[in-house]
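Notes follow the structure.
What you see below is based on every heavy atom in this structure, not just the backbone, and it leaves out hydrogens, waters and symmetry mates. We number each residue from 1, following the sequence as shown.
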Amino acid sequence: AFFPHCTIGTATRHLGAGCHGRIEIGSHCIVESHVNIFHPTGFKDAKGGVRQSCTRLGDRVYVMPYSNIGHDVVVEENAEIAANLAGYVRVMRGAKLANGCTVHQFSTIGACAFLAMGTACRHDILPYCVLLNERCTLDRVGLFKSGRTPDEADCLDEFYSRQCMGNGATYLRRVEFEDPHAWFADEVRRFFEAREAMRDCRPLAPYSKKEVAV
């Protein structure tokens, strides 16, 4: 469903960029009034050429009024967006970005992550986490609502505490799984693969065990 005054195919003129690629919008999406979805500008290669790209919304994405979906952005299924997404951002499945968020270009927002109202996000955000004060903490409320048990939440908390804490975590590019079949393993693995695929990988927001109120 598309509501009045939304624009699909807005073109950016920044740095002389052109339109190189297509826009894809999945099934059962809702795009509210005054939303802008930008045409892709493509990917430049080492020889100065431009490779075709895609600005894409997956299935069942909800885009709230006055949001901007930047060029070459990918928003996966079941995400909710009330934000300004700069170019080449990837928002993974089930993530929620609340009103007034801004997300830096080339950022990766993990599956089921949550950005609180007014957040300025300059880092990559781990799956199933909340970002506050440039640190990730486990979104236990979101996990509970999605049917995960406290024990399952504790298991992910322990994993992130071992792998993703401390200032050095900012530069982390991969993680090791003691149990490759853990309930969160597929999404965490997919998150790090998505980061590696970025032309310019953003710093990772380090994990914190400190509980925060959102």
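Nearest heavy-atom pair, Thr170 versus Arg195, reported as atom, atom and distance to 0.1 Å: O-NH2, 4.5 Å. Across Asp72 and Gly42, no two heavy atoms sit closer than the pair OD1-N, 3.2 Å. Across Ala185 and Pro180, no two heavy atoms sit closer than the pair CB-O, 3.4 Å. Nearest heavy-atom pair across His39 and Gly21 is CE1-O, 2.9 Å.
Of the inter-residue distances, the one linking Met64 atom CE with Ile30 atom CD1 reads 10.0 Å to the nearest 0.5 angstrom. Taken from OG1 in Thr119 to CG in Asn133, the straight-line distance is 9.5 Å, to the nearest 0.5 Å. Here the NE2 atom belonging to His71 is positioned 6.5 Å from the CD atom belonging to Gln105, to the nearest 0.5 angstrom. Here the CD1-CD1 distance, from Ile37 to Ile25, works out to 4.0 Å after rounding to the nearest 0.5 Å. Separating the OG atom in Ser107 from the CZ atom in Arg202 is a distance of 5.5 Å, to the nearest 0.5 Å. Atom SG of Cys112 sits about 9.0 Å away from atom CG of Asp139, to the nearest 0.5 Å.
Val50 and Val73 are not part of a single hydrophobic cluster, where members link through side-chain heavy atoms under 4.5 Å apart. Phe106 and Leu115 are members of different hydrophobic clusters when ILVMFWY side chains are connected at heavy-atom separations under 4.5 Å. The hydrophobic cluster containing Leu97 does not contain Val130, counting ILVMFWY residues as joined when their side-chain heavy atoms lie under 4.5 angstrom apart, directly or transitively. Put simply, Leu172 and Ile109 are part of two different groups of oily side chains (I, L, V, M, F, W, Y) that touch within less than 4.5 Å, one to the next. No single ILVMFWY cluster, assembled from side-chain heavy atoms under 4.5 Å apart, contains both Val103 and Tyr62.
A salt bridge links Glu187 with Arg190: at least one charged nitrogen is closer than 4.0 Å to a carboxylate oxygen. Between Arg174 and Glu196, none of the side-chain N atoms (NZ, or NE/NH1/NH2) sits under 4.0 Å from a carboxylate O, so this pair counts as no salt bridge.
Taking the side chain as every heavy atom from C-beta outward, Leu85 and Val75 approach each other to under 4.5 Å. No side-chain heavy atom of Leu126 sits under 4.5 Å from any side-chain heavy atom of Val188. Residues Glu152 and Leu143 form no side-chain contact, since every pair of their non-hydrogen atoms from C-beta on lies 4.5 Å or further apart. Proximity of Lys96 to Val91: side-chain heavy atoms (C-beta onward) are nowhere separated by under 4.5 Å. Within the 4.5 Å cutoff, the side chain of Cys6 has no heavy atoms near those of the His34 side chain. Counting only heavy atoms from C-beta outward, the side chains of Ile125 and Cys136 approach each other to under 4.5 Å. Inter-residue side-chain proximity for Leu131 and His123 is flagged as unmet; no heavy-atom pair is nearer than 4.5 Å. Between Thr108 and Met92, some side-chain heavy-atom pair lies under the 4.5 Å cut-off.
Ser67 contributes a side-chain N or O that, together with a main-chain N or O of Ala83, makes up a donor-acceptor pair within less than 3.5 Å. Asp179 places a side-chain N or O within 3.5 Å of a backbone atom of His181 that can act as its donor or acceptor partner. Panel note: side chain Thr137, backbone Ser208; a donor-acceptor pair is recorded below 3.5 Å. Looking only at distances, a side-chain donor or acceptor of Asp59 sits under 3.5 Å from a matching main-chain atom of Ser27. Side-chain N or O atoms of Thr55 include one that pairs as donor or acceptor with a backbone N or O of Phe38 at under 3.5 Å.
A donor atom on one side chain and an acceptor atom on the other are found under 3.5 Å apart for Arg60 and Asn78. A side-chain donor from one of Asp157 and Tyr207 sits under 3.5 Å from a side-chain acceptor of the other.
Between Phe159 and Phe184, the ring-plane angle classifies as tilted under the 30° and 60° cut-offs. In this pair, Tyr88 and Phe43 present their aromatic rings tilted. The plane angle is within the 30 to 60° band.
Each of Arg90, Arg93, Arg56 was compared with Glu76 under the salt bridge (charged side-chain N to carboxylate O under 4.0 Å, His left out) criterion, and only Arg90 meets it. Under the ring pair (Phe, Tyr, Trp, His ring centres under 6.0 Å) test applied with Tyr128, the options Phe191, Phe114, Trp183, Tyr160 reduce to a single match, Trp183.
Within a 6.0 Å sphere centred on CG of Asn167, other residues, nucleotides and ligands contribute 12 heavy atoms or fewer. When the shell of 6.0 Å around CZ of Phe177 is examined, it contains more than 12 heavy atoms from other residues, nucleotides or ligands.
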Does Val63 form a side chain to side chain contact (heavy atoms under 4.5 Å, CB included) with Cys29? I'd like the steps, not just the answer.
CA-CA 8 Å; Val63 186; Cys29 291; over 6 Å; no

